[in-house]
Amino acid sequence: MSEPVIEIEQRWDIHYRHAAGETGSHFFRALRDKRLLGRRCPACRRLLLPPRGFCDRCFVPTGEWVEVESEGVLEAFTVVAQKFTGLPDPPYVVAYARLRNADTAMVNYLRGIDLGDVRAAAQSLAIGMPVRVVFRDRPEGRMTDFWFEPAQR
Amino acid sequence: MSDRVAVVGVSQVGYASAITDRNLEELIFEAASGALADARLAWRELDAVVIGASDLVDGRVISSMVTAGPAGGYMKDLLAVASSAEHAFVLAYLRLAAGVGDTALVAGWSKCSEAPIPQVEQLSLDPFYRRHVGMDGLVAAALQAAAYRDRYRVPEDAAARVVVKNRANGTRNPHAERRQRVTADDVLASPLVAWPLKALETPPLSDGACALVLARSERAGALRRPAAWVRGLGWASDTYWREPEDLVNSRALAAAAERAYRMAGVQAPRREIGVAEVYDVTPYHELMAYEGLGFCGPGEGARFVGDGQVSVNPSGGLLCANPFFASGLVRVAEAVLQVTGRAGGRQVEGVRRAVAHGASGLAGQAHTVVVLEGEA
């Protein structure tokens with residue numbers, strides 16, 4: 001009979017403070033006014049949302065701010081049914097939505113549907129269906145200020 | 001390795017105690033696009049990107065997911081190195097020397113202001129036997145410094161003289177975070193941090209990014225930019241379980257230097273090297289580097305300070321700017337600027353050959369030595 005193996009328990013708890021820079025800060029500040037702002041690449045002309053200070057596909061700086069419309073289409077989604085360590089309690093929907101005048105899709109939660117039956121909820125969603133951005137009542141300038149919901153056609 | 005490889009572009013952004021107007025990705029983009037502009041190389045013509053960064057410093061796991069793009073990695077065959085930025089330089093060199101591509105961009109960075117560096121360093125220790133001890137990079141460096149002082153009876157003022165020299169050099173480097181002179185009395189009177197290290201003998205923790213463009217021989221010539229040829233390259237890693245005596249005369253540094261010098265044909269480093277940019281995480285480490293790089297014998301470091309033949313750390317070294325994970329790559333960048341005569345106010349006259357030295361891992365477990373040479 002071999003001796004039992006000893007396990008050493010460790011916990012990592014590291015505090016970071018990430019500077020969003022001028023570009024990111026401008027975007028977050030606009031969220032407080034319930035506005036979504038994108039940056040246009042001067043080379044490929046794509047409107048990037050979330051905004052980036054440069055376009056990595058063209059490798060040039062961006063400069064022009066453009067307000068993004070609040071309606072668009074669902075481009076990808078999943079309904080999370082199981083609990084994952086450190087993630088929110090299920091069920092919830094993670095979605096990619098492309099807003100009307102943006103050229104990139106943005107990731108956020110999709111709410112406003114009945115998640116009582118996960119399979120039924122997944123079947124009630126369809127790629128290409130219209131969605132809209134919904135802001136919380138008192139936005140704080142964070143990505144958690146808004147989410148997507150199915151929009152009426 | 002018959003093919004010749006040169007550094008043809010350099011960019012440094014920072015260094016400062018906190019850069020907040022640009023996020024990490026924007027900082028990297030600025031350095032990478034700056035190095036390409038310096039090399040007069042269009043991004044579309046760049047073959048490869050090699051980055052060297054730490055997930056824990058960046059606060060992003062597999063941080064290349066977000067940092068590859070700003071480093072110019074979109075649809076390039078990007079590789080990421082997690083040990084140190086100077087190792088990214090080594091890998092980029094090897095790619096080109098092996099004929100895999102004609103041009104490569106190397107980038108390294110740190111935003112120390114955003115991360116708890118001592119905690120990150122403590123987490124680099126094994127979880128079984130050492131992590132319980134209150135030890136970060138500086139505490140490990142203090143153990144080395146104390147052992148070195150004791151072994152060679154290093155006079156109290158030798159370390160202070162290194163600090164005075166490097167801080168004076170830093171006043172001429174626009175990228176230095178610390179640009180004020182200090183006196184030996186200032187150093188000796190500064191508060192004790194960890195015996196024997198005083199506050200002015202420890203480096204800042206800086207924000208900044210550094211990028212270099214490398215090119216293979218014909219391509220390097222076609223760019224018509226001042227070229228710093230990589231003549232020698234050596235790197236070595238010691239065991240994690242070093243004994244106290246190993247902390248003083250690093251076997252890894254000796255091996256790295258021996259390999260780099262052999263490749264470069266350097267036989268008498270003190271006579272053949274004009275400038276050395278060394279990893280002076282403390283002034284004691286600069287003294288140890290003099291010895292490890294063969295400028296003087298073991299224990300003779302204190303007498304070598306201010307040697308007229310080799311100018312050491314004309315940039316001011318880490319004691320003036322320390323973008324942590326990138327600091328070894330910065331040594332290469334500064335050596336490149338020196339041998340191409342582009343070091344501005346910190347230029348040392350008549351430098352043809354320079355050596356760059358980087359170290360990584362707590363107490364310098366791994367060392368890298370690069371010998372660079374300008375055009376004849």
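All heavy atoms count here, side chains included; hydrogens, waters and symmetry mates do not. So you know, we letter chains A, B, ... as the sequences are listed, proteins then strands, and number each from 1.
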Under a 4.5 Å heavy-atom cut-off, does chain B meet the side chain of A:His18, its backbone, both or neither? both

I'd like to know if the side chain of B:Glu26 and the backbone of A:Pro61 have a donor-acceptor N/O pair within less than 3.5 Å. no

For chain A, find which of B:Ala71, B:Gly73, B:Gly69 contributes the most heavy-atom pairs closer than 4.5 angstrom. B:Gly69

Going from CZ on A:Phe59 to CG on B:Leu46, what distance comes out if it is rounded to the nearest 0.5 angstrom? 8.5 Å

Are there residues of residues 103-119 of chain A that reach to under 4.5 Å of chain B by heavy atoms, and which ones? none

Non-hydrogen atoms of B:Trp43 and A:Asp56 that approach each other most closely: CH2-O, 3.7 Å

Do you know which of A:Gln10, A:Arg57, A:Arg52 has the most heavy-atom pairs with chain B at a distance under 4.5 angstrom? A:Arg57

Relative to chain A, which segment of B:Leu36 carries a heavy atom at a distance below 4.5 Å: side chain, backbone, both, or neither? side chain

Looking at A:Cys58, A:Ser25, A:Cys55, which makes the most heavy-atom pairs under 4.5 Å with chain B? A:Cys58

Tell me the residues of residues 71-90 of chain A whose non-hydrogen atoms fall below 4.5 Å from those of chain B, in number order. none

Given heavy-atom pairs under 4.5 angstrom as the criterion, report whether the side chain, backbone, both or neither of B:Glu25 touches chain A. both

For the side chain of A:Tyr16 and the backbone of B:Asp58, is there at least one donor-acceptor N/O pair under 3.5 Å apart? no

Of the listed residues (B:Ile19, B:Thr20, B:Val120, B:Asp21), which shares the most heavy-atom pairs with chain A below a 4.5 Å separation? B:Asp21

By salt bridge (charged side-chain N to carboxylate O under 4.0 Å, His left out) - contacts of B:Glu114 (at least two apart): B:Lys111

Spell out the residues in residues 134-150 of chain A that have some non-hydrogen atom less than 4.5 Å away from a non-hydrogen atom of chain B, in order of number; otherwise answer 'none'. none

Near A:Tyr96 OH, under 6.0 Å, is it more than 12 heavy atoms from other residues, nucleotides or ligands? no

